[in-house]
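Before any comments, here is the structure.
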Amino acid sequence: MIYFDNSATTRPCEEAVAAVTELLRDCWGNPSSLHNLGMDAARRLSQARRQVAAALGAEPDRVFFTSGGTEADNWVFHGAAKRLGKRGRHIITTAVEHHAVLHPAKEFEQQGFEVTYLQPDESGTVSVETLEAALRPDTILVSVMMVNNECGAVMPLQQMIRATRRKSPNALFHTDAVQGFLKVPFKAKTLGADLISISGHKVHGPKGVGALYIKPGLPLPALLHGGGQERNFRSGTEGLPAICGFGAACAVGAASLKADITHMEALRDHCRDALSKLPGVVLFGAAAAPHIVGMSIPGHRSQELINRLQDREIYVSAGSACAKGHRSHVLEAMGLPADVIDGAIRISFSHENTLEDVDALIMAIREDFIGK
């Protein structure tokens with residue numbers, strides 16, 4: 001099997017699997033219980049928080065565990081509206097965000113907020129100038145993803161954050177870093193964002209766990225009320241097996257980050273170079289992220305490509321795995337022709353892939369689709 005759908009989910013690393021198994025079998029106490037089993041669980045929770053924070057470049061007490069990136073994104077929108085809704089009713093995001101951002105934005109539009117959707121260029125990148133033109137004194141939230149999950153564009157976040165501070169000083173700046181975390185180097189402390197969403201299963205951890213970074217001193221309203229877990233921001237007994245698996249995956253990924261990025265960049269460049277030589281293949285996207293290649297074979301539907309490659313046990317996807325067959329809003333926003341969109345697939349790498357895997361993919365595409 002050759003797996004090229006790592007932007008949808010990654011294979012859990014052995015360290016994450018071992019951590020989850022240990023917490024289910026041996027350390028299953030409630031971290032809030034005041035006995036040895038509970039206190040051991042609390043120590044494991046603290047260790048996992050430190051591991052995630054170290055990989056994120058953040059203070060441990062600013063990392064708040066969630067059920068995933070979607071929950072973290074939704075928390076941002078609801079928290080910003082509740083905290084700042086009296087100061088302004090304007091929200092800015094982009095037309096190429098994940099639906100975990102776009103759908104909350106639509107919800108708040110229905111509640112009377114004005115939402116500006118920034119358009120990308122043909123590479124999928126949103127410019128700083130586009131954001132600057134949209135910023136207003138009554139803007140309360142700017143949400144711009146770090147890396148686009150379909151085309152691999154990397155947004156100029158630091159410049160965007162500076163522009164936001166200058167023109168809309170009351171606004172919060174959030175980035176959905178689900179596709180950027182442990183893929184492009186950054187540190188929460190120096191990036192400058194108020195809020196950062198990340199997810200466990202995109203970095204070789206388990207599903208069902210993520211985190212929201214909240215900058216020091218930011219009083220974001222609580223997401224869930226109850227027993228006061230996560231420092232009263234998100235109550236509910238912590239899902240400790242998944243959290244500890246997430247922490248273990250972060251420790252492994254942070255230790256090999258530079259080498260992994262270099263390796264994935266080599267895979268990306270080799271893949272794009274080989275695809276560019278195949279007649280009928282269209283490449284799209286900025287090719288800025290190390291792990292994503294977007295391609296299309298106009299005249300062939302995406303599902304056909306997926307099915308034929310799957311017959312060879314090569315797994316790719318048609319854009320976001322969350323879209324479930326709908327035409328990509330990202331590729332539409334980029335202005336790609338309909339036949340390119342309808343034949344588009346996403347190839348996404350991890351450190352586990354090899355150049356030989358890429359060569360097998362190129363051979364399969366050449367034999368099954370080129371000249372047919």
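All values below come from the heavy atoms of this structure, side chains included, with hydrogens, waters and symmetry mates left out. Fair warning: this is a prediction, and the values are worked out from it, not measured in the lab.
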[atom1]-[atom2] distance between [X] and [Y], expressed to the nearest 0.5 angstrom:
X      : Y      : atom1 : atom2 : value
Ile370 : Ile297 : CD1   : CD1   : 4.5 Å
Glu352 : His263 : CD    : NE2   : 9.5 Å
Arg165 : Arg162 : CZ    : CZ    : 11.5 Å
Lys189 : Leu56  : NZ    : CG    : 10.5 Å
Ser317 : Ile347 : OG    : CD1   : 9.5 Å
Met264 : Asp269 : CE    : CG    : 12.0 Å

For [X] and [Y], which heavy atoms make the closest approach, and how far apart are they?
X      : Y      : result
Leu220 : Ala80  : CD1-N, 4.1 Å
Pro298 : Val340 : CG-CG2, 4.0 Å
Gly124 : Cys151 : CA-SG, 3.9 Å
Ala242 : Pro206 : O-CG, 3.3 Å
Ala134 : Thr116 : CB-CG2, 3.9 Å

Checklist line | Intermediate values then yes/no, salt bridge (Lys or Arg N to Asp or Glu O under 4.0 Å), Glu114 and Arg136 | finding: CA-CA 11 Å; Glu114 182 182 352; Arg136 305 185 333 208; 3.0 Å; yes
Is it true that a side-chain atom of [X] and a backbone atom of [Y] form a donor plus acceptor pair closer than 3.5 Å?
X      : Y      : value
Ser143 : Thr93  : no
Ser127 : Thr130 : yes
Ser123 : Ala286 : no
Lys167 : Glu132 : yes
Ser33  : Gly38  : no
Ser328 : Val330 : yes
Arg268 : Ala287 : yes

hydrophobic_cluster_shared for [Y] and [X], side chain cutoff 4.5 Å:
X      : Y      : result
Met295 : Leu355 : yes
Val281 : Phe349 : yes
Leu102 : Val126 : no
Tyr213 : Val184 : yes
Ile196 : Phe173 : yes

Scan side-chain atoms only and decide if [X] and [Y] contain a donor-acceptor pair under the 3.5 Å cut-off.
X      : Y      : answer
Thr139 : His90  : yes
His204 : Glu15  : no
Ser7   : Asn149 : no

Next item on the list: May I ask you to decide if the ring planes of His99 and His329 are parallel, tilted or perpendicular, using 30° and 60° as cut-offs?
Entry: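 Plane angle between 30° and 60°, so tilted.
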Next item on the list: Please work out whether the ring planes of Phe233 and Trp75 are parallel, tilted or perpendicular, with thresholds of 30° and 60°.
Entry: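 Tilted.
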Item checked: Pair Asn353-Asn6, side-chain contact (heavy atoms from CB on, under 4.5 Å): steps then yes or no -> CA-CA 10 Å; Asn353 294 121; Asn6 290 281; 3.3 Å; yes
Item checked: Identified side-chain hydrogen bond (donor to acceptor under 3.5 Å, both in side chains) partner of Ser197 from the options Asn74, Thr70, Thr66, Asp73 ->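 For Ser197, the side-chain hydrogen bond (donor to acceptor under 3.5 Å, both in side chains) test succeeds with only one of Asn74, Thr70, Thr66, Asp73, which is Asp73.
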Margin query: Any salt bridge linking Asp359 with Arg366? Criterion: basic side-chain nitrogen under 4.0 Å from a carboxylate oxygen.
Written below: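 Judged by the 4.0 Å cut-off on N to carboxylate O distance, Asp359 and Arg366 do not form a salt bridge.
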Next item on the list: May I ask you to say whether Arg308 pairs ionically with Glu367, meaning some side-chain N is under 4.0 Å from a carboxylate O?
Entry: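 No, no charged N to carboxylate O under 4.0 Å.
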Just checking [X]: does its [atom1] atom have more than 12 heavy atoms from other residues, nucleotides or ligands closer to it than 6.0 angstrom?
X     : atom1 : result
Arg25 : CZ    : no
Met39 : CE    : yes
Asp26 : CG    : yes

Notebook entry, point to check: How far apart are the C-alpha atoms of Leu275 and Ile362, what are their side-chain angles, what is the distance that settles it, and do they pass the side-chain contact (heavy atoms from CB on, under 4.5 Å) test?
Noted result: CA-CA 7 Å; Leu275 288 171; Ile362 301 302; 3.5 Å; yes
Margin query: Would Arg166 and Leu135 count as a side-chain contact (heavy atoms from CB on, under 4.5 Å) here? Give the steps.
Written below: CA-CA 10 Å; Arg166 185 172 62 253; Leu135 289 165; over 6 Å; no
Note to self: Val101 vs Phe77, test: side-chain contact (heavy atoms from CB on, under 4.5 Å). Steps then yes/no.
What the structure shows: CA-CA 8 Å; Val101 166; Phe77 274 76; 3.7 Å; yes
Residue pair [X] / [Y], side-chain heavy-atom distance below 4.5 Å:
X      : Y      : value
Leu361 : Ile2   : no
Glu304 : Phe369 : yes
Met146 : Asp176 : no
Ile306 : Val316 : yes
Ser350 : Tyr3   : no
Met155 : Leu118 : no
Gln159 : Glu129 : no
Met145 : Gln179 : no

Next item on the list: Please test Glu230 against Arg49 for salt bridge (Lys or Arg N to Asp or Glu O under 4.0 Å), starting from the C-alpha separation and ending with a verdict.
Entry: CA-CA 11 Å; Glu230 295 301 291; Arg49 199 183 308 278; 2.8 Å; yes
Item checked: Test salt bridge (charged side-chain N to carboxylate O under 4.0 Å, His left out) applied to Asp5 and Lys202, Arg11, Arg346, the passing residue ->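 It is Arg346, the one option of Lys202, Arg11, Arg346 that forms the salt bridge (charged side-chain N to carboxylate O under 4.0 Å, His left out) with Asp5.
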Checklist line | From CA spacing to verdict: side-chain hydrogen bond (donor to acceptor under 3.5 Å, both in side chains), Glu97, Thr94 | finding: CA-CA 6 Å; Glu97 296 294 311; Thr94 82; 2.8 Å; yes
Checklist line | is_close_aromatic(Phe4, Tyr315), centroid dist under 6.0 Å | finding: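 Ring-ring flag for Phe4/Tyr315: false, centres at least 6.0 Å apart.
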